[in-house]
Amino acid sequence: MWQDLGMARRMEHEWEALTQSSAAAAALRRWADVEPALAGWSDLVALRTATEDRADPARSDAILAGLVRLAARDGGDDELAARVLLQLVLPGAVRLGRRIGAVTGDPVDAEATVLAELATLIRAYPWRRRPHRIAANLLLDCQQRLSRAARRVRGEVPVGLEPALLVDGQAAAGPDDERVELLDLFLWACREGVLTVEETLLVAANRIDEVPIRQLTGRFGRSAASLFALRANAEQRLRAAIEACPDLARAA
C-alpha cells in the first residue's frame with residue numbers, strides 16, 4: 001500500500017490475518033451493539049475502506065470515534081479496538097514517521113516510535129472532551145509529544161520539513177492528507193475568529209511542520225519570547241474552542 005518501513009509492513013501482514021479471523025468477526029458484532037457507526041460492516045476490510053473515503057469525512061470520523069471509545073481504558077478498554085484504530089490511522093503515522101526520520105536520520109526508529117506513541121495515546125484518549133476529529137487529534141498529539149521529548153533531550157529540534165504552505169486561505173492540496181486535515185483545523189479556527197491570521201501561521205509552522213520558534217523570529221518580526229507567549233495563548237483558545245463547540249469543529 002505504501003513504500004513503508006519495517007513496522008508498518010509487519011502491521012499490514014498482521015492486519016491481513018486479523019481481517020480473516022473469527023475474533024475480528026465476533027468483535028464487529030459485539031461493537032455494533034454499542035456503537036451505531038460500527039454496525040452494518042461485513043468485515044474489517046469494509047470498515048477500513050469506509051474510513052478512507054474522502055467523500056464522507058463525517059462517517060469516517062464517526063467510525064474512528066466509536067473505535068476510540070471502545071479502545072480507551074476509561075471506555076470499553078478493548079485491546080482489539082485499539083489495534084484496529086491504530087491500523088486505520090497508519091497512513092498518517094507512516095508519513096509522520098518519515099518526516100521525523102528525514103531529520104533524525106533513522107526512519108526505522110522514527111516509524112516505530114510514532115506507532116508506539118500512538119498506541120499509548122489511543123488507550124488514553126480523552127474521548128469525552130474530544131469526541132470528534134479523532135485522526136487529526138491523535139496525530140497532532142503524537143507529534144507534539146515527540147517534539148517535546150526531543151527538545152528536552154536536544155533542544156529545539158525541527159521534526160518536520162518545509163513550512164506549511166497556504167494557498168488562498170486553504171491548506172495546499174497534496175498527497176499528505178493528514179497534514180492537510182490538521183492545517184484545515186487551524187484554518188477553521190482562523191475563519192471562526194478563534195485565532196488571528198498571525199497566530200494561525202505561527203501554530204501551523206511550529207506545531208505541524210515543527211519549524212523551531214527561534215527560526216520564526218525573522219518571519220514574524222517578533223522575539224522568541226513573544227512568539228512562545230503568542231503560541232501558548234493561541235493554543236489555549238484553540239483547545240477551548242474545540243472542546244466547547246465539537247460539532248462546529250467537525251464541520252470545519
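Side chains included, hydrogens not; waters and symmetry mates left out as well; all remaining heavy atoms used.
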*Asks:* Any chance you could measure Leu118, atom CG, to Leu96, atom CG, to the nearest 0.5 Å?
*Replies:*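 Nearest 0.5 Å value for the CG-CG distance: 7.5 Å.
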
*Asks:* If I compare all heavy atoms of Leu195 with all of Ala234, which pair ends up nearest, and what's the gap?
*Replies:*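 Taking Leu195 first and Ala234 second, the nearest heavy atoms are CD2-O, 3.4 Å.
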
*Asks:* Test Leu70 against Leu38 for side chain to side chain contact (heavy atoms under 4.5 Å, CB included), laying out the working first.
*Replies:* CA-CA 11 Å; Leu70 290 166; Leu38 302 182; 3.5 Å; yes

*Asks:* If every non-hydrogen atom of Ala46 is compared with every non-hydrogen atom of Ser42, which pair is closest and at what distance?
*Replies:*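 So the minimum-distance heavy-atom pair works out to CB-OG, 3.7 Å.
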
*Asks:* Compare every heavy atom of Ser60 with every heavy atom of Ala50, then report the nearest pair and how far apart it is.
*Replies:*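 For Ala50 versus Ser60, the nearest heavy atoms are O-CB, 4.3 Å.
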
*Asks:* So which heavy atom on Ala8 is nearest to which on Val94, and how close?
*Replies:*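 Closest approach of Ala8 to Val94, heavy atoms only: CB-CG2, 3.7 Å.
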
*Asks:* Rounded to the nearest 0.5 Å, what's the gap from CG on Leu230 to CG on Leu216? Could you check?
*Replies:*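 If I round to the nearest 0.5 Å, the distance is 11.0 Å.
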
*Asks:* With a 4.5 Å cut-off on side-chain heavy-atom distances among I, L, V, M, F, W and Y, is there a chain of contacts connecting Leu28 to Val45?
*Replies:*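 Different clusters: Leu28 never reaches Val45 through Ile, Leu, Val, Met, Phe, Trp or Tyr contacts under 4.5 Å.
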
*Asks:* Got Leu18 and Leu80 here, is their nearest side-chain heavy-atom distance under 4.5 Å?
*Replies:*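 Yes, side chains in contact.
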
*Asks:* Start with the C-alpha gap between Val84 and Trp31, add the side-chain angles, then the distance that decides, and say whether side chain to side chain contact (heavy atoms under 4.5 Å, CB included) holds.
*Replies:* CA-CA 12 Å; Val84 171; Trp31 298 341; 3.9 Å; yes

*Asks:* Can you tell me how far the CG atom of Leu201 sits from the CG atom of Asn206, to the nearest 0.5 Å?
*Replies:*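 Going from the CG atom of Leu201 to the CG atom of Asn206 covers 12.5 Å.
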
*Asks:* Rounded at 0.5 Å granularity, tell me how far CG in Leu86 sits from CD1 in Ile122.
*Replies:*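 Answer rounded to 0.5 Å: 4.5 Å.
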
*Asks:* Spell out, as yes or no, whether a donor-acceptor pair under 3.5 Å connects the side chain of Asp61 to the backbone of Pro57.
*Replies:*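 No: the side chain of Asp61 does not pair with the backbone of Pro57.
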
*Asks:* If you measure from CG on Leu115 to CZ on Arg10, what distance do you get to the nearest 0.5 Å?
*Replies:*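 One finds 9.5 Å between CG of Leu115 and CZ of Arg10.
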
*Asks:* In terms of hydrophobic clustering (I, L, V, M, F, W, Y; side-chain heavy atoms under 4.5 Å; direct or indirect links), are Val34 and Leu67 co-clustered?
*Replies:*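 Per the 4.5 Å side-chain linkage, Val34 and Leu67 are co-clustered.
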
*Asks:* Is Glu111 paired with Arg98 through a side-chain N to carboxylate O contact shorter than 4.0 Å?
*Replies:*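 No.
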
*Asks:* Under the side chain to side chain contact (heavy atoms under 4.5 Å, CB included) rule, what do Glu35 and Ile63 come out as? Steps first, then yes or no, please.
*Replies:* CA-CA 9 Å; Glu35 291 290 348; Ile63 290 171; over 6 Å; no

*Asks:* Just checking, any donor-acceptor pair under 3.5 angstrom between side chains of Asn137 and Tyr125?
*Replies:*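 Yes, side-chain donor-acceptor contact under 3.5 Å.
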
*Asks:* Taking C-beta and beyond as the side chain, do Trp127 and Ile134 meet within less than 4.5 Å on heavy atoms?
*Replies:*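 A side-chain contact under 4.5 Å is absent here.
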
*Asks:* Is the closest side-chain heavy-atom distance between Leu146 and Cys142 below 4.5 Å?
*Replies:*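 A side-chain contact under 4.5 Å exists here.
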
*Asks:* In plain terms, say whether Arg83 and Glu14 are close enough for a salt bridge, that is, a side-chain N and a carboxylate O under 4.0 Å apart.
*Replies:*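 Yes, charged N to carboxylate O under 4.0 Å.
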
*Asks:* Among Arg231, Arg219, Arg222, which residue meets the salt bridge (charged side-chain N to carboxylate O under 4.0 Å, His left out) test with Glu198?
*Replies:*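 So the option named by the test is Arg222.
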
*Asks:* Nearest 0.5 angstrom please: Leu202 CG to Ile213 CD1, how far?
*Replies:*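 Reported value, rounded in 0.5 Å steps: 5.0 Å.
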
*Asks:* For Asp33, which residues count as a salt bridge (charged side-chain N to carboxylate O under 4.0 Å, His left out) partner, sequence neighbours excluded?
*Replies:*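 By the salt bridge (charged side-chain N to carboxylate O under 4.0 Å, His left out) rule, Asp33 matches no residue at all.
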
*Asks:* Could you tell me which residues satisfy salt bridge (charged side-chain N to carboxylate O under 4.0 Å, His left out) with Asp77, sequence neighbours excluded, listed by chain and number?
*Replies:*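 For Asp77 the salt bridge (charged side-chain N to carboxylate O under 4.0 Å, His left out) partners, ignoring immediate neighbours, are Arg123.
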
*Asks:* With the threshold set at 4.0 Å, does a side-chain nitrogen-carboxylate oxygen contact exist between Asp141 and Arg130?
*Replies:*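 Yes.
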
*Asks:* Contact between Trp41 and Thr49 at the side-chain level, heavy atoms closer than 4.5 Å - yes or no?
*Replies:*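 Of all side-chain heavy-atom pairs linking Thr49 with Trp41, none is under 4.5 Å.
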
*Asks:* Is Asp53 salt-bridged to Arg59, going by a charged N under 4.0 Å from an acidic O?
*Replies:*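 Salt bridge: yes.
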
*Asks:* Return the minimal non-hydrogen interatomic distance between Pro131 and Ala65, and the atom names on each side.
*Replies:*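 Scanning both residues completely, I find the closest heavy atoms to be O-CB, 3.6 Å.
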
*Asks:* Does a side-chain heavy-atom distance below 4.5 Å link Leu90 with Trp15?
*Replies:*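 Contact flag for Leu90/Trp15 side chains = no.
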
*Asks:* Could you tell me if the side chain of Arg207 sits less than 4.5 Å from the side chain of Gln143, heavy atoms only?
*Replies:*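 No - every pair of side-chain heavy atoms lies 4.5 Å or more apart.
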
*Asks:* May I ask you to decide whether Arg48 forms a salt bridge with Glu12, counting only side-chain N to carboxylate O separations under 4.0 Å?
*Replies:*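 Between Glu12 and Arg48 there is a salt bridge, with a charged N closer than 4.0 Å to a carboxylate O.
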
*Asks:* Measure across Ala224 and Thr217 and return the closest heavy-atom pair with its distance rounded to 0.1 Å.
*Replies:*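 Nearest heavy atoms, Ala224 then Thr217: N-CG2, 3.5 Å.
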
*Asks:* Set out, in order, the CA-CA distance, both residues' side-chain angles and the distance that settles side chain to side chain contact (heavy atoms under 4.5 Å, CB included) for Thr196 and Thr200, then state yes or no.
*Replies:* CA-CA 6 Å; Thr196 66; Thr200 302; 6.0 Å; no

